[in-house]
Enquirer: 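There's a structure below that I have some questions on.
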Amino acid sequence: MTAIPTETLVTVFGGSGFVGRHVVRALAKRGYRIRVAVRRPDLAFHLQPAGRVGQIHAVQANLRHPGSVDAAVRDADAVVNLVGILFERGRQRFDAVQAFGAEACALSAAAHDARLVHVSAIGADEQSPSHYARSKAMGEKLVRAAVPGATILRPSIMFGPEDSFFNRFAAIARLAPALPLVGGGQTRFQPVFVGDVAASVVAAIEGRATLGATYELGGPAVRSFKELMQYLLATIERRRLLLPVPFGLAKLQAFFLQYMPTPLLTPDQVELLRVDNVVSEEAKRERRTLEGLGITPTLMEAIVPSYLQRFRKTGQFRVRSI
Ligand SMILES: NC(=O)c1ccc[n+]([C@@H]2O[C@H](COP(=O)([O-])OP(=O)(O)OC[C@H]3O[C@@H](n4cnc5c(N)ncnc54)[C@H](OP(=O)(O)O)[C@@H]3O)[C@@H](O)[C@H]2O)c1
């Protein structure tokens with residue numbers, strides 16, 4: 001796209017979420033006009049300071065209702081789909097949101113001749129025992145069928161000030177004497193900075209990604225879950241037991257935990273933890289990575305302490321004695 005940002009309208013589905021706020025901020029900085037399509041526009045006011053007056057506009061849309069999706073895409077030059085769910089509730093089912101919702105988005109982008117950036121996840125796999133991963137794979141397939149030139153971005157786990165990974169485990173560590181290591185904590189991750197993912201979205205919108213390619217986005221380091229927990233505990237200066245929990249037992253616990261309003265763990269997530277969540281060798285070879293988009297991955301150590309220090313016993317004010 002050679003269009004001038006100030007004359008380019010980008011519709012962002014899921015703009016109110018964790019990744020959404022960073023994508024909206026990155027687009028606003030470049031001068032784009034942004035239409036944030038969310039289920040509850042009244043809950044998206046926090047995005048307004050990211051842009052100039054009138055630059056960011058929230059509209060109502062639900063990926064499960066194709067009519068609302070189409071209305072949100074009308075007149076847009078580009079569409080970004082960041083909608084995803086980690087557990088099912090009511091009508092929010094994996095297939096409805098991550099497969100058919102993604103398709104609705106792609107069909108509207110095709111109908112309105114808009115460029116499409118679709119955010120999926122590393123681990124998307126039609127054969128996976130995890131329903132989340134299968135629905136992500138089905139979503140990718142339906143998106144490709146509707147818009148062959150779409151850019152699909154598959155991030156590993158993301159970190160950033162509002163992430164639900166480090167913040168969640170740090171909050172647990174503040175209260176609990178131990179942190180669980182599902183399957184011994186051997187699952188490998190490649191944590192990627194949410195700001196780098198947002199920069200990838202901008203790169204794809206601006207035509208710096210290979211048309212029709214699927215990118216795998218990982219940070220500079222691969223770490224096991226156990227290593228991530230050790231890093232977390234060192235950062236928040238707390239000693240906690242790291243308790244290995246076999247997959248079978250974790251699944252049993254998850255069976256009960258899944259009924260919490262925001263589940264700590266679901267049986268489907270236990271299945272996800274059986275497989276490493278890292279950038280594939282094939283993607284690296286073909287440069288379908290952050291580096292391939294001209295982005296240098298940000299170190300976890302450069303960002304995470306800045307927002308985890310609030311979990312230290314005395315926050316940021318004590319001079320460290322160790
Ligand atoms: N966070 C990670 O570490 C990570 C890792 C890999 C991949 N991803 C993927 O990255 C994308 C963004 O993730 P995130 O962490 O930003 O998630 P998030 O914070 O939960 O945000 C998800 C967004 O989707 C919206 N949404 C949910 N159901 C919807 C529906 N039916 N119609 C319209 N909007 C709906 C939510 O808005 P409301 O619910 O308020 O309407 C919210 O704005 C997702 O596709 C996710 O699978 C995330």
Side-chain angles (χ1 to χ4, degrees), residues 11-25 35-47 58-73 79-105 108 117-124 130-140 143 152-169 189-198 200-201 214-219 228 262-263 268-269 272 275 277-279 300 304:
T11 294
V12 183
F13 289 94
S16 60
F18 164 50
V19 185
R21 73 164 72 212
H22 289 269
V23 166
V24 168
R25 192 180 302 150
R35 184 184 284 158
V36 182
V38 285
R39 288 188 296 171
R40 295 277 308 273
D42 52 318
L43 298 183
F45 286 132
H46 63 278
L47 297 172
V59 298
Q60 204 283 334
N62 186 329
L63 250 55
R64 292 184 281 107
H65 302 150
S68 70
V69 173
D70 202 62
V73 170
V79 173
V80 182
N81 179 16
L82 303 169
V83 174
I85 53 173
L86 269 174
F87 54 89
E88 299 186 310
R89 275 292 179 274
R91 292 184 191 152
Q92 288 280 90
R93 315 311 293 179
F94 286 133
D95 289 344
V97 176
Q98 301 191 147
F100 302 117
E103 181 184 37
C105 224
S108 291
V117 183
H118 173 73
V119 174
S120 181
I122 287 186
S130 151
H131 195 174
Y132 168 90
R134 287 199 304 277
S135 68
K136 280 287 191 190
M138 204 201 311
E140 290 187 2
V143 164
I152 295 179
L153 303 177
R154 289 175 158 195
S156 182
I157 189 126
M158 282 180 248
F159 60 87
E162 314 83 4
D163 71 39
S164 50
F165 181 78
F166 284 118
N167 281 299
R168 167 74 67 97
F169 283 105
F189 292 89
Q190 199 167 343
V192 57
F193 177 43
V194 65
D196 292 341
V197 174
S200 309
V201 170
T214 299
Y215 285 79
E216 297 186 16
L217 310 179
L228 290 174
T262 305
D268 200 71
Q269 287 164 2
L272 271 180
V275 186
N277 198 283
V278 296
V279 174
M300 208 165 62
V304 174

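Indexing begins at 1, ligand by ligand and atom by atom, following the structure's order. Because the structure is a prediction, the values reported are computed rather than measured.
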Enquirer: Classify the side-chain pair Q60/R40 by whether it contains a donor and acceptor separated by less than 3.5 Å.
Expert: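 Side chains of Q60 and R40: no pair found under 3.5 Å.
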Enquirer: Please confirm whether N62 comes within less than 3.5 Å of ligand 1 when only nitrogen or oxygen atoms on both sides are compared.
Expert: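 It does: an N or O of N62 is found under 3.5 Å from an N or O of ligand 1.
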Enquirer: Output yes when the distance from some N or O of ligand 1 to some N or O of G20 is under 3.5 Å, and no in every other case.
Expert: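 The answer is no, given that G20 and ligand 1 share no N or O pair closer than 3.5 Å.
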Enquirer: Heavy-atom distances under 4.0 Å decide this one: backbone, side chain, both or neither, for F159 against ligand 1?
Expert: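 Looking at F159 and ligand 1, no heavy atom falls under 4.0 Å.
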Enquirer: Could D95 and R93 be called an ion pair, given the rule that one side-chain N must be under 4.0 Å from one carboxylate O?
Expert: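 The answer is no: the pair does not qualify as a salt bridge.
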Enquirer: What closest approach, in Å, do A102 and N81 show between heavy atoms, and which atom pair accounts for it?
Expert: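 Scanning both residues completely, I find the closest heavy atoms to be CA-ND2, 3.7 Å.
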Enquirer: Give a yes/no verdict on whether any heavy atom in S156 is under 4.0 Å from an atom of ligand 1.
Expert: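 It does, in that a heavy atom of S156 comes within the 4.0 Å cut-off of ligand 1.
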Enquirer: Taking the six-membered ring where the residue is Trp, are the ring centres of F165 and F159 under 6.0 Å apart?
Expert: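 Centroid separation for F165 and F159: 6.0 Å or greater.
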Enquirer: If the contact criterion is a heavy-atom separation under 4.0 Å, does R40 count as touching ligand 1?
Expert: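 Flag not set, R40 not near ligand 1.
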Enquirer: If the contact criterion is a heavy-atom separation under 4.0 Å, does L43 count as touching ligand 1?
Expert: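 No, L43 has no heavy atoms under 4.0 Å from ligand 1.
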Enquirer: Do any nitrogen or oxygen atoms of L63 lie less than 3.5 angstrom from nitrogen or oxygen atoms of ligand 1?
Expert: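 Yes - when backbone and side-chain N and O of L63 are compared with those of ligand 1, one distance drops under 3.5 Å.
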Enquirer: Hey, does A61 sit under 4.0 Å from ligand 1 if you only count heavy atoms?
Expert: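 Yes, A61 has a heavy atom closer than 4.0 Å to ligand 1.
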Enquirer: Pick from H118, R154, Q98: which one makes a side-chain hydrogen bond (donor to acceptor under 3.5 Å, both in side chains) with E140?
Expert: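 Passing option: R154.
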Enquirer: So for E162, does at least one of its heavy atoms come nearer than 4.0 angstrom to any atom of ligand 1?
Expert: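 Contact absent.
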Enquirer: Any nitrogen or oxygen of Q98, side chain or backbone, less than 3.5 Å from one on ligand 1?
Expert: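 No, there is no polar N/O contact under 3.5 Å.
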Enquirer: To check you understand the geometry: which heavy-atom pair defines the closest contact between L47 and G15, and what is its length?
Expert: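 Closest heavy-atom pair between L47 and G15: CD1-O, 3.5 Å.
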Enquirer: For atom 17 (O) of ligand 1, is some protein heavy-atom partner under 4.0 Å away?
Expert: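 So far as the 4.0 Å threshold goes, atom 17 (O) of ligand 1 is out of reach of every protein heavy atom.
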Enquirer: Looking only at side-chain N and O atoms, does N62 offer a donor or acceptor that is under 3.5 Å from a partner on S68?
Expert: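 Checked: S68/N62 side chains show no N/O donor-acceptor pair below 3.5 Å.
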Enquirer: Does any N or O of ligand 1 fall below 3.5 Å from an N or O anywhere on G17, backbone included?
Expert: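 Right, the criterion is met.
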Enquirer: Select the closest option to atom 40 (O) of ligand 1 among S16, P155, G123, judged by heavy-atom distance.
Expert: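 Among S16, P155, G123, the closest heavy atom to atom 40 (O) of ligand 1 belongs to S16.
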Enquirer: Hey, does A121 come in under 3.5 Å of ligand 1, counting only N/O atoms on both sides?
Expert: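 So ligand 1 has no N or O lying under 3.5 Å from an N or O of A121.
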Enquirer: Counting both backbone and side chain atoms, is some N or O of G15 under 3.5 Å from an N or O of ligand 1?
Expert: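 No - when backbone and side-chain N and O of G15 are compared with those of ligand 1, no distance drops under 3.5 Å.
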Enquirer: Return the option from L82, V97, L217, V192 holding the heavy atom at the smallest distance from atom 11 (C) of ligand 1.
Expert: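 Looking at heavy atoms only, L82 sits closest to atom 11 (C) of ligand 1.
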Enquirer: Please verify whether a non-hydrogen atom of F189 lies at under 4.0 Å from ligand 1.
Expert: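 Contact check F189 vs ligand 1: negative.
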Enquirer: Does ligand 1 have an atom under 4.0 Å from some heavy atom of V38?
Expert: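 For ligand 1, residue contact (heavy atoms, under 4.0 Å) with V38 is absent.
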Enquirer: Strictly under 4.0 Å, does any heavy atom of S120 approach an atom of ligand 1?
Expert: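 It does; at least one heavy atom falls under 4.0 Å.
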